[in-house]
Structure formats: structure tokens, C-alpha cells
Q: 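Shown below is the structure under consideration.
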Amino acid sequence: MIVEVILFIIVLVLLYIHSMSRYDFWDKHGVPVDKPKYPLFGNSFNTLFSLKAPGESQYELYMKFPNERFFGKFHFMKPNLVLRDPHLVETLTIKDFAVASDRGIRDDPRANKLAMHLLNLTDAHWKSLRNKLTPIFSPSKLKGMLNQLVECAESLNRTLTTYQTNRCPFDAREIVSRFTTDVIASCTFGLNIDTLNDPNSMFRSVGKAAFEDTSTRKIILSLKRVIGPFGKFLKAPGGITNEMLNFFVNVVDETIAFRKKQGIVRHDFLHLMNELLEKDQTSIKNGELDSDNPYIFDHTALVSNAFVFFVAGFETTASTISYAMYELCLNPIVQDRVFQEVVGVTNRHDGKVTYEALQEMSYMDQVISETLRRYPPIPGVSRVLTQDYKVPHTDLVLPKGFLITIPIYAIHHDPQYFENPFEFNPERFSDNGTNIKKGTYLPFGSGPRICIGARFAILEVKVALVKMLLNFEIVKCSKTKDPLIYDKTSRLHVPEGGIWLAVQARDKRYESI
Ligand code: HEM
């Protein structure tokens, strides 16, 4: 027995020495590094074990290297380069896109019936799909969805009225997540669901399942990223089930069949994607497209991308609206100014929230931009090299497959680019944001892989805030936290326990608007 124990200790010591020696990687390349204290988990220890919120952990590390263009860290034992220089961020994501077109956090696009979507694809297949989908987010197409957004915002207002009448505080994150779920269900799946009144709807359950985190889930999801092809054998607990996936496929099929039978045309994402599908089918019939072309926009592409719009779109927009409400509540002067703008513009448009009226609300744009700077819903993005890459103006050559991180949250809070970065100040975005240095404002990412839904997201956030402000003043309640404390268990930078606020009815003059 003693021999076994000694052998076990020797193995542990050898493993420890091996693991710690891997951390010499950046020293050997002359790159500044924050060497991890513990073996195996690299610099991710604090976030994986829920000791720090992701944004705070990223910021702390970033601020250790104030004069560097980049620094090294470790994701588990895998070296990872973190960019600090905004020019380098732009070079990698735009000019050198050809060598860094992959985000590296994808599942196999054939993993299940909803996996053939933009997030999971790379190279030519991604490019073909992105080119097909980009036009459905054009301003003219989004204008066609405005009525649906306004209807959902009116439903949100009805819910807020009940809280106002009962003088009851509410968790803005929860209520607004139900609104953004209704929006995606309406614009992407053609369904008028009412998650605001039915919080247990399947859509809401899937939304929660996609973002609910535990330490075990975070560790397994992160491990999947570093062990390459073996990752597919690892299954993280929780998340989206097969039953949920089937539900989405059925919803899409039933809605398309119903619309066809009833002759209903609604200019939403479902309709526009169905047009893409029919166009490819016609091209195959006419012999213009080969039926075994791997990039055909078929049923799988339609349901997969409808699904990814939901997952990528509901939490990010809910986060932005609820943080904007929080900041407007803490900054009554800003709230008053934006309210005056909203009333002035809507009055010029016969009291209506039209697409044209929304384009005139420039101070509202500043408020939304500053919210996205202060609280970027996705704190960082990554790129994986598809070829060896010489980092510009250095001798550092990184091999194919190397992981590079762009720390969005930290760059947004770097005092070099944003004075008093933790202060909410929409004035930073006066002059259409032309005074913001390139490569320092990245809420939607950068380059050809930038968020495809950015324009839709801004429109949705704007409609919700405009309709809300016309009816309510957002005020503090006894549960409003200032400052907020961030959730250490989540992969996103979200407040612990939600964002508690209250609303008061506006002057009767505006109630009907
Ligand atoms: C405030 C709201 C949103 C924020 C802050 C946001 C942010 C982001 C970011 C940072 C990326 C990665 C970009 C990169 O790697 O450079 C991304 C990608 C993406 N987003 Fe969004 N997003 C938002 C809303 C939406 C909405 C509403 C949709 C769909 C309706 C959407 C769909 C997508 C898709 C499909 C991708 C992958 C694009 C590709 O790989 O080609 N997002 N988003």
C-alpha cells in the first residue's frame, strides 16, 4: 500500500511539474504574460470556479499590461494571445480576415438538426450562407418588421402597467427577456406567443436553458474548446435538449404550412428565409444549381438559422434594454433629455413610432451606444488562426490553430480610450461617434464576422425604450442596487439577482402614444 501511495504522489508531482512547465511558453517567445498560479486551469481558474465575474476577471488581467500591444495567457494549458492594441484588433479582424475567419467556438454543423448555422460554419460554406442571409437584415426588410416590434413593446407596456398600478418593483432583466423572446418568436418563427403573461412557454424554457450556467457546465464547455475533435465526446450537463430541438423544427414547419394554406404573407425572417429556400429549389429545377451543391439553402439551413437568431438575439438585446433602463433610472437628467427627444420627434410624426421617427432620435442612439459600451452583452470574442500568422511589426509567428482573444469589455473600460470609463456618459457618442478611436468600440465584434443582427438589435432596443418612456418614468426602488454586483457563475457579464426597478406613469398626455 505504501508503495502505491508513493507512486501516486510521484505521478501527481510529475504532472504538476509538466503542467507548470507548459506555462513557460510565453517567456520563450518574449511575450509578457500573467503566469497562472495553479496547474491545468491556466488563467481561467477564477471564472471556471465562479470566483470572479467574467468581465471583472478579464479587466483585471488586461490592466496589468498598460503599455503592451498584446499579452499572453493560458486557456487551461493552451496558450492564448490577448490583443490590447485597437489597430491590431482591426488588422486581425478586417485586413487579415483570411487567416482569422474562424471563431473557434463551434459545434459540428452536423451535430444535430439545428446546427447548420452561421455560428458553427467556417470558410466557403459560412461565406455562402452569410451572403445569402445579409440582405434579410437590410433597413428596408427591417422596416417591414416594425409593426411586430411595436406590438410586442405594447404588450411589454401592459405588463409594466400592472407593476405600476400595484406600486410593485420588478426584475427588469426577467421582464425584458420575456419581451425579447416574444420579439424573436414573432419575427423569426411567425408566432404571437405571450411569454410576458406565460413565463413557462417552451421558448422561455429554451432561452433559460441556453444560458443557465454551473461551474461543471462551464468547465466542460471550456474543455471542449481545447481538446479539439475529442470535444464531441464530452457532454455538458443542462443546456438544450433534443425535445427542445424537435419543438423548433415543428414550429417552423407548421407555421410555413399554415401560411401557405391560408395565403398569409408576413414580412418577417421566416418568410424571407423561406424565400431563400424556394429560390434555391427553383434554381435546382431550372438546372442553374446542382442538387448536390453542399451550400444549398435547404430546410436544415432554414430551421438552424431561425434557431440561432433566437439564441444569439434574445439574451443580448434583453441585457441591453435592461441595462439602459438601469442607467436611465440612476441618471434622471439623461432620462429627461431622452424623454423630451422622444416626445418631440413622435409629435412631429403624428404621435406615431414610425421607422423614420426612430431614425431622428439621435440622443437615444447615444444612450444605446453608451449602454453597449458600458455593458457589452458579449464580453469578448475570439479568433482561431487558419494559417501560420506573423503578428504585424513583431517577430512573433503563431501557428495555425492558435487562439487569439479580443477582450471587448476591458477595451471598452480602458481609460486611455474612454475617460472615466465606469461613468455612464452618452456624450461620448455625440458627433455620431466620430470621436471614438477605431477598434475601441466593439459591442458587435469586428470585420466580416461582425454580428449579422446588429441593425435589428438596435431597432428592437430603440422601439422598446421609446414606447416605454412615452408611458413611464423609470425610478429606483428599495431593491435597486448601486453599484451592481456581477454574477460569478455566468459566462456573460450579468448582474447577480437581476436589475430591480420600478415605474411611474407619465403625464396623462402621453399615455395614448
Ligand atoms: C445587442 C444585441 C447584440 C449584441 C451585442 C450582439 C453581439 C454579437 C457579437 C459580439 C458577435 C460576434 C462577432 C464577432 O465575432 O466579431 C455576434 C455574432 C452573431 N450575432 Fe449578434 N449580437 C446581438 C444581437 C443579435 C441578434 C438580434 C441576432 C439575430 C437576430 C444576432 C445574431 C448573430 C449571429 C447569427 C452571429 C454570428 C455571425 C457570423 O458568424 O457570421 N445577434 N453578435
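Counting starts at 1 for both ligands and their atoms, following the listed order.
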Q: Tell me the contacting part of Glu460 for ligand 1: side chain, backbone, both, or neither, using a 4.0 Å heavy-atom threshold, strictly below.
A: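 Neither; nothing of Glu460 gets under 4.0 Å from ligand 1.
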Q: Looking at CD1 of Ile193 and CZ of Arg178, how far apart are the two atoms once the value is rounded to the nearest 0.5 Å?
A: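 Going from the CD1 atom of Ile193 to the CZ atom of Arg178 covers 11.5 Å.
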Q: Is there a nitrogen or oxygen of Ser446 sitting under 3.5 Å from a nitrogen or oxygen of ligand 1?
A: yes
Q: With no hydrogens and no angle check, just 3.5 Å: does a side-chain donor-acceptor pair link Asn331 and Glu327?
A: yes
Q: Could you tell me which atoms of ligand 1, counted from 1 in the order shown, lie closer than 4.0 angstrom to a heavy atom of Pro377?
A: 5 (C)
Q: Got the closest protein heavy atom to atom 13 (C) of ligand 1, with its distance?
A: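 Nearest protein contact, heavy atoms only, for atom 13 (C) of ligand 1 is Arg449 O, 3.3 Å.
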Q: Is the His493 to Tyr375 ring centre distance short of 6.0 Å?
A: no
Q: What atoms of ligand 1 come closer than 4.0 angstrom to any heavy atom of Arg130?
A: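 Result: 38 (C), 39 (C), 41 (O).
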Q: Any side-chain to backbone donor/acceptor pair from Arg383 onto Leu403? Under 3.5 Å, distance only.
A: no
Q: Looking at Ala312, which atoms of ligand 1 are within less than 4.0 Å of one of its heavy atoms?
A: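 Here the atoms of ligand 1 in question are 24 (C), 25 (C), 31 (C), 32 (C), 33 (C), 42 (N).
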Q: Atom 1 (C) of ligand 1: which of Thr320, Ile184, Val308 has the nearest heavy atom?
A: Thr320
Q: Nearest to atom 40 (O) of ligand 1, what protein heavy atom do you find, and at what distance?
A: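 Looking only at protein heavy atoms, the one closest to atom 40 (O) of ligand 1 is Arg103 NH2, 2.8 Å.
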Q: Quick test of your reading of the structure: of Glu315, Arg383, His117, whose heavy atom lies closest to atom 14 (C) of ligand 1?
A: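 Comparing heavy atoms across Glu315, Arg383, His117, the nearest one to atom 14 (C) of ligand 1 lies in Arg383.
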Q: Flag yes if more than 12 heavy atoms outside Lys390 fall under 6.0 Å of its NZ atom; otherwise flag no.
A: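 Enclosed.
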Q: Near Gly445, which atoms of ligand 1 are under 4.0 Å from a heavy atom of that residue?
A: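 Within the 4.0 Å cut-off of Gly445, ligand 1 contributes 10 (C), 13 (C), 14 (C), 16 (O).
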Q: Counting only N and O atoms by type, is there a donor-acceptor contact under 3.5 Å from the side chain of Ser57 to the main-chain atoms of Pro54?
A: no
Q: In the protein, which heavy atom is nearest to atom 30 (C) of ligand 1, and how far is it?
A: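 Result: Phe309 CB, 3.8 Å.
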Q: What protein heavy atom is closest to atom 17 (C) of ligand 1, reported as residue, atom name and distance in Å?
A: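 In this structure, atom 17 (C) of ligand 1 has Cys451 CB, 3.5 Å as its nearest protein heavy atom.
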Q: Assess whether a salt bridge exists between Lys132 and Glu275, defined as any Lys/Arg side-chain N lying under 4.0 Å from an Asp/Glu carboxylate O.
A: no
Q: By number and element, which atoms of ligand 1 are closer than 4.0 Å to a non-hydrogen atom of Gly313?
A: 25 (C), 26 (C), 27 (C), 28 (C)
Q: Run the contact test for Trp126 against ligand 1 with a 4.0 Å cut-off on heavy atoms, strictly below, and give the result.
A: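 It does, in that a heavy atom of Trp126 comes within the 4.0 Å cut-off of ligand 1.
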Q: Can you list the ligand 1 atoms lying under 4.0 Å from a non-hydrogen atom of Leu119?
A: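 Listed by number with element: 37 (C).
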Q: Taking 4.0 angstrom as the limit and counting only heavy atoms of Pro443, give me the atoms of ligand 1 inside it, by number and element.
A: 5 (C), 7 (C), 10 (C)
Q: Would you mind listing which atoms of ligand 1 come within a distance below 4.0 Å of any non-hydrogen atom of Ile452?
A: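 Matching atoms, with element in brackets: 34 (C), 35 (C).
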Q: Starting from atom 28 (C) of ligand 1, which protein heavy atom do you reach first, and at what distance in Å?
A: Gly453 CA, 3.7 Å
Q: Determine whether more than 12 heavy atoms belonging to other residues, nucleotides or ligands lie under 6.0 Å from atom NZ of Lys143.
A: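 No, NZ of Lys143 has 12 or fewer neighbouring heavy atoms, counting only those of other groups under 6.0 Å.
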Q: Going by atom types alone, do Asn246 and Lys113 pair a side-chain donor with an acceptor below 3.5 Å?
A: yes
Q: Provide, to 0.1 Å, the distance between atom 4 (C) of ligand 1 and the closest protein heavy atom, together with that atom's residue and name.
A: Phe444 CE2, 3.4 Å
Q: Between Arg259 and Asp268, is there a side-chain N and carboxylate O pair less than 4.0 Å apart?
A: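 A salt bridge links Arg259 with Asp268.
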Q: Which residue and atom name correspond to the protein heavy atom nearest atom 24 (C) of ligand 1, and how close is it?
A: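 For atom 24 (C) of ligand 1, the nearest protein heavy atom comes out as Thr316 OG1, 3.3 Å.
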Q: With a cut-off of under 6.0 Å to the ring centre and 45° to the axis, is Arg84 in cation-pi contact with Tyr62?
A: yes
Q: Whether Arg373 engages the ring of Phe418 as a cation-pi pair (distance to the six-membered ring centre under 6.0 angstrom, angle to the ring normal within 45°) should be assessed.
A: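 Flagged: Arg373 positioned over aromatic ring of Phe418.
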